[in-house]
Amino acid sequence: MTPPEAPMDGSAKPGELPPAVSVCALARMTVLSKRSDFLKAARAKRQPAPSMLVQARRRAPGEAEGIRVGFTCSKKVGNAVARNRAKRRLREIARRVLPEIGHAGWDYVLIGKPGDTAARPFAMLENDLRKALVKLHSPKG
């Protein structure tokens, strides 16, 4: 894929082209993959939102660095296509929201809801995550 800034006539030299792929904000976040990490998050705080359930736990000191995030959708969400679409949307809102509002030293698990995660307008989905994180990190949360 040619970056939009690159000259289209091919006059750029090989070292002059900007990278085709931008650096993703998920680089600062680690994606959870171990079942034990998901189970630890399930025993911690949880905050329902109209389009998802957010689970969050503060990790023990020295356990891991930065923000870690996991995504899951059960078969209740739908077939594999529907589950993958819901998880793609959850990954994108996590990429946008967690670097701003998420706390280092915490694990977050975003769980998709049947119909709501895939059908909800993207701006509302993003707002749902912001509100859930504010409530989770509030003193009474």
Side-chain angles (χ1 to χ4, degrees), residues 1-10 12-141:
M1 179 177 144
T2 304
E5 311 80 49
M8 298 305 286
D9 62 0
K13 295 178 184 164
E16 296 176 352
L17 289 177
V21 179
S22 64
V23 177
C24 181
L26 276 177
R28 288 186 31 209
M29 295 186 287
T30 306
V31 178
L32 296 176
S33 58
K34 292 184 181 178
R35 177 174 161 75
S36 62
D37 292 330
F38 282 89
L39 292 175
K40 287 176 188 174
R43 291 189 296 267
K45 293 181 175 184
R46 65 187 67 198
Q47 181 63 48
S51 57
M52 73 190 86
L53 176 68
V54 181
Q55 298 173 337
R57 80 171 186 105
R58 183 190 309 258
R59 292 189 306 269
E63 188 176 341
E65 297 289 320
I67 297 172
R68 297 192 313 177
V69 62
F71 310 95
T72 186
C73 291
S74 72
K75 286 190 176 182
K76 291 179 184 178
V77 172
N79 63 10
V81 174
R83 291 193 307 271
N84 286 331
R85 180 166 192 255
K87 283 190 281 188
R88 277 196 311 271
R89 292 174 60 110
L90 291 175
R91 276 193 296 272
E92 181 59 21
I93 63 164
R95 186 188 68 79
R96 292 179 180 208
V97 174
L98 284 178
E100 297 173 20
I101 302 176
H103 293 198
W106 283 70
D107 288 346
Y108 300 98
V109 175
L110 307 181
I111 302 172
K113 287 187 175 180
D116 298 332
T117 304
R120 194 160 174 89
F122 193 79
M124 293 176 77
L125 193 69
E126 192 172 349
N127 195 35
D128 289 345
L129 180 58
R130 287 181 191 280
K131 287 180 180 178
L133 289 175
V134 167
K135 285 184 181 180
L136 280 167
H137 292 299
S138 70
K140 291 186 177 183

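Every value quoted in this text rests on a predicted model; they were computed, and no experiment measured them.
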NZ-NZ distance between K45 and K135, expressed to the nearest 0.5 angstrom
13.5 Å
Would you list the atom pairs, donor with acceptor, under 3.5 Å between side chains in residues 99-117 and any protein atom, with sequence neighbours excluded?
from, atom 1, to, atom 2, distance (Å)
E100, OE1, R130, NH1, 2.9
E100, OE1, R130, NH2, 3.4
D107, OD1, R59, NH1, 2.6
D107, OD1, R68, NE, 2.8
D107, OD2, R57, NE, 3.3
D107, OD2, R57, NH2, 3.3
D107, OD2, R68, NH2, 2.8
Y108, OH, H103, N, 2.9
Y108, OH, H137, NE2, 2.6
K113, NZ, A49, O, 2.7
T117, OG1, S51, O, 2.5
T117, OG1, K113, N, 2.7
T117, OG1, K113, O, 3.4

Applying salt bridge (charged side-chain N to carboxylate O under 4.0 Å, His left out) to E92 and not counting sequence neighbours gives R95, R96
For the NZ atom on K131, are there more than 12 heavy atoms of other groups (residues, nucleotides or ligands in this structure) within a distance under 6.0 Å?
no
Which ring pair (Phe, Tyr, Trp, His ring centres under 6.0 Å) pairs, counting each pair once, include a residue from residues 29-64, with sequence neighbours left out?
none
Check step by step if side-chain contact (heavy atoms from CB on, under 4.5 Å) holds for M52 and L125.
CA-CA 8 Å; M52 73 190 86; L125 193 69; 4.0 Å; yes
Only counting residues at least two apart or in another chain, list the ones meeting side-chain contact (heavy atoms from CB on, under 4.5 Å) with P48.
L53
Pairing residues for R35 by the side-chain contact (heavy atoms from CB on, under 4.5 Å) criterion, not counting sequence neighbours
L39
Would a 4.5 Å heavy-atom cut-off, applied to side chains only, mark V54 and D128 as touching?
no
I'd like to check I93 versus L90 (side-chain heavy atoms, cut-off strictly below 4.5 Å). Are they in contact?
yes
Show every salt bridge (charged side-chain N to carboxylate O under 4.0 Å, His left out) that has at least one partner inside residues 71-89, sequence neighbours left out.
none
Of all the heavy-atom pairs spanning A56 and A44, show the shortest one and how long it is.
O-CB, 3.2 Å
